Amino acid sequence: KYMRDPKQLPYTQLVGFSEKQLKEHHDVLYAGYVKKWNEIQEKLKTADRAAANATYSEFGELKREETFALNGIKLHEGYFDNMKAGGNEPSGIIKEWIEKDFGSYEQWQTDFKALGIAARGWVILAFDLDDGRLYNYLCDSHNQGGIWNSVSLFIMDVYEHAYFLDFATGRKAYIEVFFKNINWEFVNGLIEKYKLPQFRG
C-alpha cells in the first residue's frame with residue numbers, strides 16, 4: 001500500500017547539464033530516498049510503539065527519518081518536474097502572481113537566486129493557502145524549513161550533489177544554467193491542479 005517506485009525523469013537532457021550529472025542525481029540520490037522510504041515503511045510494521053521515547057526509540061527514529069526520506073522524494077520529484085530542455089519564459093497566472101507579490105519578475109528572481117546561495121539544501125517558491133500569496137523559502141534540510149498549509153510550486157536543489165560533477169564549487173554558475181531550463185508551464189499546471197486561484201488573497 002505504501003511502497004513507492006522511483007519516477008522516471010520527465011526529460012532526456014537539459015541545456016548545460018551532462019548526462020552523468022543528471023543520472024547521478026536521479027538514479028542514485030533520488031532513487032536512494034525512495035528505497036529508504038520503502039525500508040522505513042516495512043520496519044514501522046513491527047516497531048514497538050510501547051517503547052516510544054523522546055530521547056531514543058526505534059519508533060521515534062523511524063518516524064523522524066520517514067519525513068526526511070519522503071520530503072527527499074517529493075522535493076526531488078518537484079525539482080525534476082519543473083525543468084525541461086531550454087525551458088520557457090514565465091507567462092500566464094504565475095507571472096501575474098509573481099509580479100504582484102514580488103514587485104516584478106526580476107525582483108523575484110534576484111531574491112530566489114540569492115536564497116540559492118544562502119541555502120544549504122533547497123529553495124522553494126510556495127503558495128500560502130491561508131493568506132493567498134507567494135513566498136520564497138529556504139530549506140537547509142529535507143525536513144526543515146517547510147511551511148504548513150502551503151503548496152510548493154517551484155523547487156531548486158542547491159545541495160552540492162545537484163551540480164558538483166558539472167560545476168564543481170561553482171554554485172552561481174549552476175543556478176544560472178538551472179534558470180535556462182525552467183518549465184513554467186508545469187508551474188501553471190500545478191496552480192490549476194490544486195485550484196489555487198480560489199485561495200488567492
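Since we're looking at a predicted model, the values are computed, not measured.
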#### Entry: Residue pair W97, F127: steps toward the ring pair (Phe, Tyr, Trp, His ring centres under 6.0 Å) verdict
CA-CA 10 Å; W97 287 2; F127 182 85; 5.1 Å; yes
Are [X] and [Y] joined in one hydrophobic group, where the rule is that I, L, V, M, F, W and Y side chains link up if heavy atoms are under 4.5 Å apart?
X	Y	value
L165	Y163	no
F179	V15	no
L153	L129	yes
L138	F68	yes
L190	I73	yes

Taking 4.0 angstrom as the limit, do [X] and [Y] come out as a salt bridge?
X	Y	answer
E58	K43	no
K20	D27	no
E176	K113	yes

### Task
Tell me, with the steps shown, if L125 and F102 meet side-chain contact (heavy atoms from CB on, under 4.5 Å).
CA-CA 11 Å; L125 172 65; F102 292 89; 4.1 Å; yes
For the side chain of [X] and the backbone of [Y], is there at least one donor-acceptor N/O pair under 3.5 Å apart?
X	Y	result
S104	Q107	yes
N181	G86	yes
E65	E61	no

Check whether any side-chain heavy atom of [X] sits under 4.5 Å from a side-chain heavy atom of [Y], and report yes or no.
X	Y	value
I147	Y135	no
R4	Q41	no
I124	L75	yes
Y174	F17	yes
Y137	V123	no

Going by atom types alone, do [X] and [Y] pair a side-chain donor with an acceptor below 3.5 Å?
X	Y	result
S18	D166	yes
N82	N183	no
D111	N136	yes

#### Entry: Listed once per pair and sorted, the ring-ring contact (aromatic ring centres under 6.0 Å, His included) pairs that draw on residues 180-201, sequence neighbours left out
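Only W108-W184, F154-W184 qualify under ring-ring contact (aromatic ring centres under 6.0 Å, His included).
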### Message
Would R171 and F167 count as a cation-pi pair here, with the cationic atom under 6.0 angstrom from the ring centre and within 45° of the axis?
### Response
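Cation-pi check for R171 and F167: fails.
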### side-chain contact (heavy atoms from CB on, under 4.5 Å) between Y33 and H142, intermediate numbers included
CA-CA 11 Å; Y33 291 122; H142 300 165; 2.9 Å; yes
### Positive for side chain to side chain donor-acceptor pair (under 3.5 Å) with Y30, one of E77, K7, H25, H76
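Only match with Y30 under side chain to side chain donor-acceptor pair (under 3.5 Å): E77.
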### Task
Walk me through it: do E96 and K100 pass the test side-chain contact (heavy atoms from CB on, under 4.5 Å)?
CA-CA 6 Å; E96 175 188 327; K100 183 173 182 181; 5.8 Å; no
#### Entry: side-chain contact (heavy atoms from CB on, under 4.5 Å) between E89 and K95, intermediate numbers included
CA-CA 9 Å; E89 292 297 315; K95 182 180 181 183; over 6 Å; no
Is the count of non-hydrogen atoms from other residues, nucleotides or ligands lying under 6.0 Å from [X] atom [atom1] greater than 12?
X	atom1	value
R120	CZ	no
E192	CD	no
Q8	CD	no

### Query
Hey, what's the ring geometry for Y159 with H161, parallel, tilted or perpendicular (30° and 60° as the breaks)?
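Rings of Y159 and H161: parallel, as their planes differ by under 30°.
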